[in-house]
Number of protein chains: 2
Amino acid sequence: MARASSVKDVAARAHVSLGTVSNVLNRPERVSPATRAKVEQAMRDLGFVRNESARQLRAGRSRTLAYVLLDARNPFFTDVAQGAELAAESAGLSLFLCHSGNRPSREADYLAHLVEQRVQGILVTPVDPHAAVLDDVRRNGTPLVIVDRTREDAEFCSVAVDDVLGGRLAVEHLVEAGHTRVAFIGGPETIGQVRDRLAGARQAWAAAGLPDDQLTVIATDALTVAEGRSAGERVMGIGSSRRPTAAFCVNDLLALGLLQQLSTAGLSVPRDLAIVGYDDIEYAAAAAVPLTSVRQPRQELGRRAAELVLDEAEDPDHQHQQVVFTPELVARRSTLG
Amino acid sequence: MARASSVKDVAARAHVSLGTVSNVLNRPERVSPATRAKVEQAMRDLGFVRNESARQLRAGRSRTLAYVLLDARNPFFTDVAQGAELAAESAGLSLFLCHSGNRPSREADYLAHLVEQRVQGILVTPVDPHAAVLDDVRRNGTPLVIVDRTREDAEFCSVAVDDVLGGRLAVEHLVEAGHTRVAFIGGPETIGQVRDRLAGARQAWAAAGLPDDQLTVIATDALTVAEGRSAGERVMGIGSSRRPTAAFCVNDLLALGLLQQLSTAGLSVPRDLAIVGYDDIEYAAAAAVPLTSVRQPRQELGRRAAELVLDEAEDPDHQHQQVVFTPELVARRSTLG
DNA sequence: TTGTACGCGTTATCAA
DNA sequence: TTGATAACGCGTACAA
């Protein structure tokens, strides 16, 4: 396949100068209709396509945003991506999704590549929000916004959801329904979300005057359906006199696994065990027993993150902000019997 | 924030010429350890980052692949993306995911942008495999592979799965289980997959010597959970003497919706209705009643597509290939009672 | 071993 | 209205 044609080729074919071709592209009003037609014809003949690398080299800035995410298979992240996509589109930009698969090395690869590409801005849900790679990006001057994670220092913009509040909402809901023995299912605690939601759960529990030891923590190794099933086995292993009557799962995948395990074992939800999930993914409402869940404004999260990164890119007086959204409980049959 | 520093800045700071800096980057063996150290120190001091646009302009080729997909929220596509990601990684490339959201205009935007970026190659699951935008990409010389769709002409490489066979496997499985009234649920028929799987279903049905009118087609407007629920209502509206005893759904989302609708209505799966889905997404095995489903080698699909696009990019003698993978039925409780 | 000079494709300035 | 030319940052052939 021959080398793609350039403005120079177009100019030659249209018998005009290179500057005129450029004018046709960038200030068409300055060029006479006749020559413009000639040039446009030449472009069609040659199948001319602007070379974005050259434009960018010249302009010093690109027309793309990127979102580096942990796991494209988790609907939470793809919804966030969708929100960012909409914001990017209305700013006339492309959004590239990069899938780190939870691996620090691949995440670092992508970040480095994006910085080298001089993208306008990067959104990232990092494996570890304190990793030095993020600071490297900052030092190289590429705007970066942390999504769904937070850092104590105010070196970056971030958008997140109030997970402590989310945990509180979930447990308050169960307490109001009269439950006095509840299981908290989730882990590992290295994940900030897990810690925060547990903290919120404990706040609500204490506020209701319930004894500490009636809020059982069942630790999992990951936030997956399979772990949910295994947690279900452990819950059922608890003697019935001490068994919780409700469970709060750190995310919907766990809740779905738990639900499946219970119905396999012939138990009924919510009669034998009420369940609250977290994230309100599409499959939550579509489960065999529709799942009560804590909904996060996912699209809004992505949209706001994209706006912040653009502000950082364009406004010299940009101030970093930590945006915190408010979650909301959606009650369904898994707690309403 | 100041302009990012260039090789020129590094050269000035290290008191060497610009060519030497370039040598440190590209042929470090040619430069003496002493000056090399000096240059590397200057790079660190300035936070120097190569400008990929300039490199690419010079080199004429980029270091990225892209996958333009229909719906990032469908696990099928993200699994394909994962396979492509692995292949890209082992070739030392980045893979950018672009989400068209099933909209032809956004798909066209992305394809145009990628061609302008001169990416090494594009994988695409197009809204319409016959759309002219694909031919435009080809004419501009960017290698392109069609994923999970096919075209009759051999203008492109493509990777797909044998959907006729998949349809046959599903229905053969139901026939072997003794079902003689079966519903085919899916649509719209503008989607090639729907047509092919239906064709396969009919083949198997005819081969078993069963009468045409006992294979009922229930058309849906989309392949979503919500449509599955609505299909469920329609199935249940059929008088019990004529009601199918099994359903074959064109994808797992439909099957999950159907399953949910049935259990809401107090019917049992598979006793009242056996269900076969398609795709074998993670949630299929995790459903309240684990779903029998037709599995496609999704990661393999992505991996192979990436390999083909790289071959097209690198081998001047490249021949287009239509790769067709073989699906496989995974039997679970939704048909095994 | 190090330095100089040119070109990649585009855009913008300035002169004609 | 159109044309000539410089510059963006990098890589490389060639000269010193």
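In what follows, chains carry the letters A, B, and so on, assigned in the order in which the sequence lines appear, proteins first and then strands, with residues in each chain numbered from 1. The structure presented is a predicted model; accordingly, all values stated were derived computationally and were not measured. All values below come from the heavy atoms of this structure, side chains included, with hydrogens, waters and symmetry mates left out.
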Arg63(A) and side-chain hydrogen bond (donor to acceptor under 3.5 Å, both in side chains): which partner among Gln56(A), Gln120(A), Glu52(A)?
->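 For Arg63(A), the side-chain hydrogen bond (donor to acceptor under 3.5 Å, both in side chains) check succeeds only for Glu52(A).
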For atom [atom1] of [X] and atom [atom2] of [N], their distance in whole Å:
X         : N      : atom1 : atom2 : result
Leu57(A)  : dA6(D) : CG    : P     : 17 Å
Asp9(B)   : dG9(D) : CG    : C1'   : 10 Å
Gln117(B) : dG9(C) : CD    : P     : 16 Å
Arg61(B)  : dC8(C) : CZ    : C1'   : 15 Å

Kindly write out the residues that satisfy side-chain contact (heavy atoms from CB on, under 4.5 Å) with [X], not counting sequence neighbours, or none if the list is empty.
X         : value
Ser32(A)  : Ala34(A), Thr35(A)
Ala59(A)  : Arg61(A)
Val324(B) : Asp162(B)
Asp153(B) : Arg151(B), Glu155(B)

In 5'-to-3' order, the base (B), backbone-only (S) or no-contact (-) status of each nucleotide in nucleotides 10-16 of chain D, using a 4.0 angstrom heavy-atom cut-off, is BBB----
Notebook entry, point to check: Within less than 4.0 Å of OP1 or OP2 of dT10(C), is there a side-chain N or O belonging to Ser53(A)?
Noted result: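 No, Ser53(A) has no side-chain N/O under 4.0 Å of OP1/OP2 on dT10(C).
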Within the pair Thr20(B) and dG3(C), is there a side-chain N or O less than 4.0 Å away from OP1 or OP2?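 The answer is yes; a side-chain N or O of Thr20(B) sits under 4.0 Å from OP1 or OP2.
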### Query
For Glu85(B), which residues count as a side-chain hydrogen bond (donor to acceptor under 3.5 Å, both in side chains) partner, sequence neighbours excluded?
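Partners of Glu85(B) by the side-chain hydrogen bond (donor to acceptor under 3.5 Å, both in side chains) criterion, ordered by chain and then number, come out as Arg106(A), Tyr110(A).
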- Message: So Thr35(B), base contact, sugar-phosphate only, or nothing? Heavy-atom distance under 4.0 Å.
- Response: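 Touches sugar-phosphate only.
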